[in-house]
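In this text the structure is predicted, and so the values were computed from the model without any measurement. By convention in this document, chain letters (A, B, ...) are assigned in the order of the sequence lines, proteins followed by strands, and residues within each chain are numbered from 1.
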There are 2 protein chains.
Amino acid sequence: MTAAPGSTKAARTRASILGAASELFRQNGYSATGVREIAVTAGVDPALVIRYFGSKEALFLETATIDPIWAERMAGPLDTLGERTARGLVEARQESQGSVTALLRATETPGIRAHLQQVMADQLIAPILDRLPGPEAEIRARVFAAQTLGLMYLLFTVDDPILRSMPPDRIIAYYGAALQAVLTGPEPEPN
Amino acid sequence: MTAAPGSTKAARTRASILGAASELFRQNGYSATGVREIAVTAGVDPALVIRYFGSKEALFLETATIDPIWAERMAGPLDTLGERTARGLVEARQESQGSVTALLRATETPGIRAHLQQVMADQLIAPILDRLPGPEAEIRARVFAAQTLGLMYLLFTVDDPILRSMPPDRIIAYYGAALQAVLTGPEPEPN
DNA sequence: GTCTATAACGTGATAGAC
DNA sequence: GTCTATCACGTTATAGAC
């Protein structure tokens, strides 16, 4: 418990709260995690949590970060992005998916919804928008995001056990192909 | 305020609570709607709401019904189901989508999550499972459900204004084609 | 006995006094 | 930084009205 050099006591307290909150939100979700619980885990007074971060919601948003693997994946070659995205989701590590699950499930809170919208625009749409072919890049990107969120929703949010029990390679084959068609396939006919 | 024939006072009270709850959940969502608020709207005492339905969650589940249009649509011809599904979502009436939105957003509560899983299995998967081609009907059906939930999630749960501002017919063209490929397209190659 | 209302409990996030 | 107060929540025990 000696003071770490270069970090004030306040900074260490802040970090301690943030760490405890990350863990708890990831494990138990947003609303099931109490400010008091975070405080006890971090070894501080409950009122301090609010004083440092303003509100439980603001604290949650600070912990709601995206695995850097996403930036890497989205920056890769466009002609295999469909399959790589599907594979990344189906084979996601437990730790990485916990944070996303908490975020996808906390959509009753308007501020969190806005944050999710921003994350989606930055991480899922922006990295590919100007590389997509044809005059309808904006629609392709948005449809890709919707499809990706759909697989996340069924795998993480709903946590469908039947989908989970199916052969990963076949799910990846179907979903990857569907994603790829939207990204680089021909423009569909008007109806 | 005369007694309706064939309905006891208790039955009318129950119906009144259910009606008020449906409206409020649809408009403001699950957690933002209080038991006290439902009670005031229904003109009864807050304790009665719990007494009649057991819990706020159980009451919500009774109001979380699916628009009958879904059963109709899913029972129709398989070779146009992709486009009809996409169109149904993009052109959904305000009233019909409110109930679905409330359900899709309330996924922090485990019991509601279980209900959503059941609804999905009954309404989205069961109606097409034995009509899908090839030996991988189960995977096709699940992937179809994931994609459909994805469009619902972006349109209703996240309520993405940019997607909403795009030409409906083009969204339907892209998403309908992606859905249709999963339903009746060729089996994708293994990776 | 059946239906309804009162009052209170425990816990949630948060604000303000010290 | 800490302690205590405030207000809203779902829920329950209990007693009153018909």
Exercise for the section: State plainly whether one hydrophobic cluster holds both A:Val40 and A:Leu24, where clusters connect Ile, Leu, Val, Met, Phe, Trp and Tyr through side-chain heavy atoms under 4.5 angstrom apart. Expected result: no

Exercise for the section: Grab the CD-P distance between A:Glu108 and D:dC9 for me, whole Å please. Expected result: 14 Å

Fill in the blank from the handout: Out of C:dC3, C:dT14, C:dA17, minimum distance to the side chain of A:Val35 belongs to C:dT14

Exercise for the section: Using whole Å, report how far CD1 of B:Ile38 lies from C1' of D:dA8. Expected result: 15 Å

Handout entry: Whole-Å gap separating C1' (C:dA5) and CD1 (B:Ile50)
Key = 15 Å

Exercise for the section: Could you check whether A:Ala47 gets within reach of a base, just the sugar-phosphate, or nothing at all, counting any heavy atom under 4.0 Å? Expected result: base

Handout entry: Close side-chain approach of A:Phe144 to A:Thr85, heavy-atom, < 4.5 Å
Key = yes

Handout entry: Side chain of B:Arg36 (C-beta onward), nearest among D:dG1, C:dC3, D:dG10
Key = D:dG10

Practice task
Nearest whole angstrom, please: distance from the P of C:dC18 to the CG of A:Leu48.
Solution key: 19 Å

Practice task
Specify the separation, in whole Å, of atom CZ of A:Phe60 and atom P of C:dG12.
Solution key: 18 Å

Exercise for the section: Check the distance between C:dA5's C1' and B:Ile17's CD1 and give it to me in whole angstrom. Expected result: 13 Å

Practice task
Over 60° means perpendicular and under 30° means parallel, so classify the ring planes of B:Tyr153 and A:Tyr153, tilted if in between.
Solution key: tilted

Practice task
Please report, rounded to the nearest Å, how far the P atom of D:dT11 is from the CZ atom of B:Arg51.
Solution key: 15 Å

Practice task
Output the single nucleotide from D:dT11, C:dA5, C:dA15 whose closest atom is nearest the side chain of B:Asp45.
Solution key: C:dA5

Completion exercise
dist A:Gln123:CD -> A:Gln118:CD (nearest 0.5 Å) comes out at 10.0 Å

Exercise for the section: Report yes if at least one side-chain N or O of B:Ser55 is closer than 4.0 Å to OP1 or OP2 of D:dG10; otherwise report no. Expected result: no

Problem - Presence of A:Tyr52 side-chain N/O under 4.0 Å of D:dG1 phosphate oxygens OP1/OP2 - result: yes

Exercise for the section: Indicate whether any N or O donor in one side chain lies under 3.5 Å from an N or O acceptor in the other, for A:Thr184 and A:Gln180. Expected result: yes

Problem - Phosphate-side-chain proximity, B:Lys56 and D:dG10, N/O vs OP1/OP2 below 4.0 Å - result: yes

Exercise for the section: May I ask you to say what B:Ser31 touches in the nucleic acid, namely base, sugar-phosphate or nothing, with a heavy-atom cut-off under 4.0 Å? Expected result: nothing

Completion exercise
Atom CD1 of B:Ile112 and atom C1' of D:dG10 are separated, to the nearest Å, by 14 Å

